[in-house]
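Only one structure is covered here, and it is reproduced in the block below.
Scope of the values below: all heavy atoms of this structure, side chains included, with no hydrogens, waters or symmetry mates. Convention: sequence-line order gives letters A, B, ...; per-chain numbering from 1.
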Amino acid sequence: MSPAVQRTVVWSCRLALIGILLVAWVIAINHSKIAMFFLGSPKVIAEHLFQWFATGKIFRHLGITLLETMLSFVIGCSLALVLGLWLALNDILARICDPFIKGLNSMPRLIMAPIFAVWFGLGIWSKVALGVTLVFFVVFFNVFQGIREVSPVLIANARMLGARRRDLVRRVYIPSAMSWVFSSLHLSVGLAFVGAVIGEYLGSSAGVGYLILEAEGTFDIETVLAGVILLTTCALTLDYIITLVEESLLKWQAK
Amino acid sequence: MLRTLHERPRTRSAKGRTGGFFTTMSAAALDLRGITCTFPAPSRDAEPYTAVRDVDISLGDGEFVAIVGPTGCGKSTILNVAAGLLAATAGEVSVFGTPLAGINSHAGYMFQAEALLPWLTARGNVSLGLEMHGVARAEATQRADAWLERVGLAGFEERYPKQLSGGMKKRVALAQTLVLEPRILLMDEPFSALDIQTRQLMENELLDMWSADRKSVFFVTHDLEEAISLADRVVVMSAGPGTKPVAEFKVDIPRPRDVTEIVQSPHYLDLHRRIWEILKKEVLKSYERGKTMVPVG
């Protein structure tokens, strides 16, 4: 099979799967009141989604969720980069901090969400704080590893070419750490998004997570599912954007 | 105990001998006197490992010296000491008559392993040293491109190391080192990972470049053929641990040489036989020890 044919087959199978699922769904709710209550109607869900965009109501909520995601990612990454660099280049400090970092990382951090709500209020910052705790560790461990794994030959070579400590950090350690961070972008951006939504879901006044929470309060299953579909689409889009960014940032890794 | 062992002797000598006492004598490019390198034991029940012991070796200005010895005999250790990357446990290094402290800024180093920065292009790698020495970006780039052209890589400036073949990477590494115009060149089996044809090509090119400005070269190799075809002088090292030079041969084969043809000359064959007689003993010794010892380094 030629690649073009293969692609057609793959895509038509995917669409067929969605079609079968939708048909089964519609049949189920037409024959059972209980299914109708639990699953909602795909038509109503589609209407909700359409209404959200048509009235523009969704943009504020979506904007807030994405803003929280971005802030979590940027703040989490920056903190992790600075701390990772500092600890990786300072052996004693790394040994002192090791158990604390491992402890904080193994702590179930979602449980911190209510505490963050108390500390930072119900606005965006409590969600950002939750997102940061999720993003930080992924990036931190990658930075740390990225710096520890720099080949001693690279360091020796850079030193022979005249690198002082400052040059080593700027031209060898940071690029090496960044390559590890970039390779975990999918995970860290995904976690920033999860942090934002979960944070909203646990207590907020705006955001897609808030819409879902609100609808759940009135057993409005269709709105809940519309929110879930919207979030899934957002996550997929983010993931696609990262793939594009990755390709340009890591082109030196391609053969 | 360990502390005193690892004290840097060269700081002491730097204070002790100021003035032109040594410089008045013919200043060798590199002069290693009584170099001993002991590495601390990796675990409590292991012995400290002495890689080289009491090594005296010198490199004249403009001279090409090859250091041969069994694999893993501590040849690289000697280069690292000469480069200032490794502080000797005992002994002194002087560079053009001045005691060495810290990195040897007169020396360029070509490593055996891949040492290019993978996230920089060929051009970025070559201009790196210039930029770190404060040369402006535009000029650094221009000089880098000129060197890339000189090593036959014009048109490959934008390639990343991963996109280059083994031989091309070695050329970039050569340009990266030579663009800084070091007076001393330290080479640690730089071509050992290449296939034989590429290798001979690179050796000839190295000879061409060397004869143009006669840098002082320390060339470490385990390959006797390579050593004789390139060098003015071949130093044979003993098997490790506690490696030291055991013999020295002058290579009086006239230059310019072609490494592909030189191997057939009777003069070369005679030298090869004489050096191999000594080297062979060390290689066998090293092999015997290797069977009973856990290899270190």
Check each atom of [X] against the heavy atoms of chain A and say whether the ones under 4.5 Å are side chain, backbone, both or neither.
{"X": "B:Glu114", "value": "backbone"}
{"X": "B:Leu164", "value": "neither"}
{"X": "B:Ala173", "value": "neither"}
{"X": "B:Phe111", "value": "side chain"}

task: Would you indicate whether the side-chain heavy atoms of B:Leu117 and A:Ser176 approach each other to under 4.5 Å?
output: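 Side-chain contact under 4.5 Å: no.
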field: Validation row: B:Tyr160, A:Gln253 side chains within 4.5 angstrom (heavy atoms)
entry: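 B:Tyr160 vs A:Gln253: side chains apart.
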task: Mind ranking A:Ile155, A:Asp167, A:Leu161, A:Val172 by heavy-atom pairs under 4.5 Å with chain B and telling me who comes out on top?
output: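 Heavy-atom pairs under 4.5 Å are most numerous for A:Leu161.
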- prompt: If you count heavy-atom pairs under 4.5 Å with chain B, which of A:Ser151, A:Ser179, A:Gly162, A:Pro175 comes out on top?
  reply: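 Between A:Ser151, A:Ser179, A:Gly162, A:Pro175, the count favours A:Pro175.
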- prompt: If only atom types and distance count, is the side chain of A:Trp252 paired as donor or acceptor with the main-chain N or O of B:Gln163 below 3.5 Å?
  reply: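 No, A:Trp252 side chain to B:Gln163 backbone: no donor-acceptor pair under 3.5 Å.
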query: So, A:Asn157 side chain and B:Ala115 main chain: donor-acceptor pair closer than 3.5 Å or not?
result: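 Yes; at least one donor-acceptor contact below 3.5 Å.
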Distance (rounded to the nearest 0.5 Å) between [X] [atom1] and [Y] [atom2]:
{"X": "A:Met160", "Y": "B:Thr177", "atom1": "CE", "atom2": "OG1", "result": "8.5 Å"}
{"X": "B:Trp119", "Y": "A:Ile174", "atom1": "CH2", "atom2": "CD1", "result": "11.0 Å"}
{"X": "A:Arg159", "Y": "B:Met132", "atom1": "CZ", "atom2": "CE", "result": "11.5 Å"}

Enclosure of [X] [atom1] (heavy-atom neighbours >12, cutoff 6.0 Å):
{"X": "B:Arg214", "atom1": "CZ", "answer": "yes"}
{"X": "A:Glu149", "atom1": "CD", "answer": "yes"}
{"X": "A:Arg14", "atom1": "CZ", "answer": "yes"}

field: Contact winner vs chain A - B:Pro161, B:Ala83, B:Pro118, heavy-atom pairs under 4.5 Å
entry: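 Among B:Pro161, B:Ala83, B:Pro118, the one with the most close pairs to chain A is B:Pro118.
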- prompt: Of the backbone (N, CA, C, O) and the side chain (C-beta and beyond), which part of A:Arg171 lies under 4.5 Å from a heavy atom of chain B, both, or neither?
  reply: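 Both backbone and side chain of A:Arg171 come within 4.5 Å of chain B.
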